[in-house]
Amino acid sequence: MAYWLLRSEPDAYSWDDLVRDGETEWNGVRNATARIHLKAMVPGDRAIFYHSNTERACVGVMEITRAWQPDGDDGKWASVAVKPVAPLPRPVPLADIKAEPKLAEMMMLKQSRLSCSAVTPEEWAVVMHMAGATDAAAA
DNA sequence: GCCAACGTTGGC
DNA sequence: GCCAACGTTGGC
């Protein structure tokens with residue numbers, strides 16, 4: 001299983017919106033690097049939901065429910081389907097991620113504007129620990 | 001509101 | 001194909 005981080009401005013689409021919807025199409029990504037990651041996602045992969053901009057914190061865990069399909073008028077972009085797994089018991093602010101040496105190499109820090117980035121299993125475990133997440137959400 | 005990072009566009 | 005100009009994003 002692979003781990004990912006998907007960011008969204010909560011004003012545009014938030015964790016609460018995802019919980020309300022039950023499942024959603026993660027579309028509208030218009031960045032070549034992000035697309036590489038979207039196309040690498042397979043059902044069962046886990047992803048951190050990160051609120052950018054106004055909140056700047058990881059807020060929940062999602063599961064990829066369907067591999068990518070073409071997105072956009074010309075079909076040259078990609079989108080996947082996701083569903084919520086569990087909210088993080090304690091949201092993990094960006095400031096805490098930056099302050100944690102074990103997360104210094106995280107892709108989201110290296111490329112701060114990238115909306116879909118990869119997370120290593122080690123990084124995933126650290127973030128879940130910081131969030132106080134139990135095994136159910138962390139696995 | 002400002003600024004840095006970075007992707008995209010367009011002229012050459 | 002290169003590179004400067006420009007626009008957008010996101011953190012502060």
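All figures in this text were calculated on a predicted structure; none of them were measured in a lab.
Rounded to the nearest 0.5 angstrom, A/M107 CE and A/C116 SG are separated by 11.0 Å.
Rounded to an integer number of Å, the gap from NE2 of A/H51 to C1' of C/dG11 is 16 Å. One can place CD1 of A/I97 at 15 Å from P of C/dG10, the figure rounded to the nearest angstrom. A straight line from CG of A/N53 to C1' of B/dG1 spans 13 Å, rounded to a whole angstrom. Summarising the geometry, the separation between CG on A/L109 and P on B/dC6 is reported as 12 Å, rounded to the nearest angstrom. Here the P atom of nucleotide C/dC12 and the CG atom of A/D96 are 12 Å apart, to the nearest Å. Computed from coordinates, the A/R113 CZ to B/dA5 P distance equals 11 Å when rounded to whole Å. Nucleotide B/dA5 holds its C1' atom 12 Å from the CZ atom of A/R7, rounded to whole Å. The CG atom of A/L114 sits 15 Å away from the C1' atom of C/dG11 (whole-angstrom rounding).
Checking the phosphate oxygens (OP1, OP2) of B/dC6, no side-chain nitrogen or oxygen of A/K110 falls inside 4.0 Å. Look at A/Q111 and you won't find any side-chain N or O under 4.0 angstrom from OP1 or OP2 of C/dT9.
In this model, no donor atom of one side chain and acceptor atom of the other lie less than 3.5 Å apart for A/Q111 and A/S117. Side-chain atoms of A/E25 and A/S79 form a donor-acceptor pair, as typed in the model, at a separation below 3.5 Å.
Using a 4.0 Å cutoff on non-hydrogen atoms, the parts of residues 24-41 of chain A near DNA chain B are A/N31, ordered by number.
The cluster map of Ile, Leu, Val, Met, Phe, Trp and Tyr, joined by side-chain heavy atoms under 4.5 Å apart, puts A/V119 and A/I36 in different clusters.
Remark: side-chain polar atoms of A/R56 are not paired, donor with acceptor, to backbone N or O of A/H51 under 3.5 angstrom.
Applying the ring pair (Phe, Tyr, Trp, His ring centres under 6.0 Å) rule to A/W4 yields the partners A/H37; only residues at least two apart in sequence or on another chain are considered.
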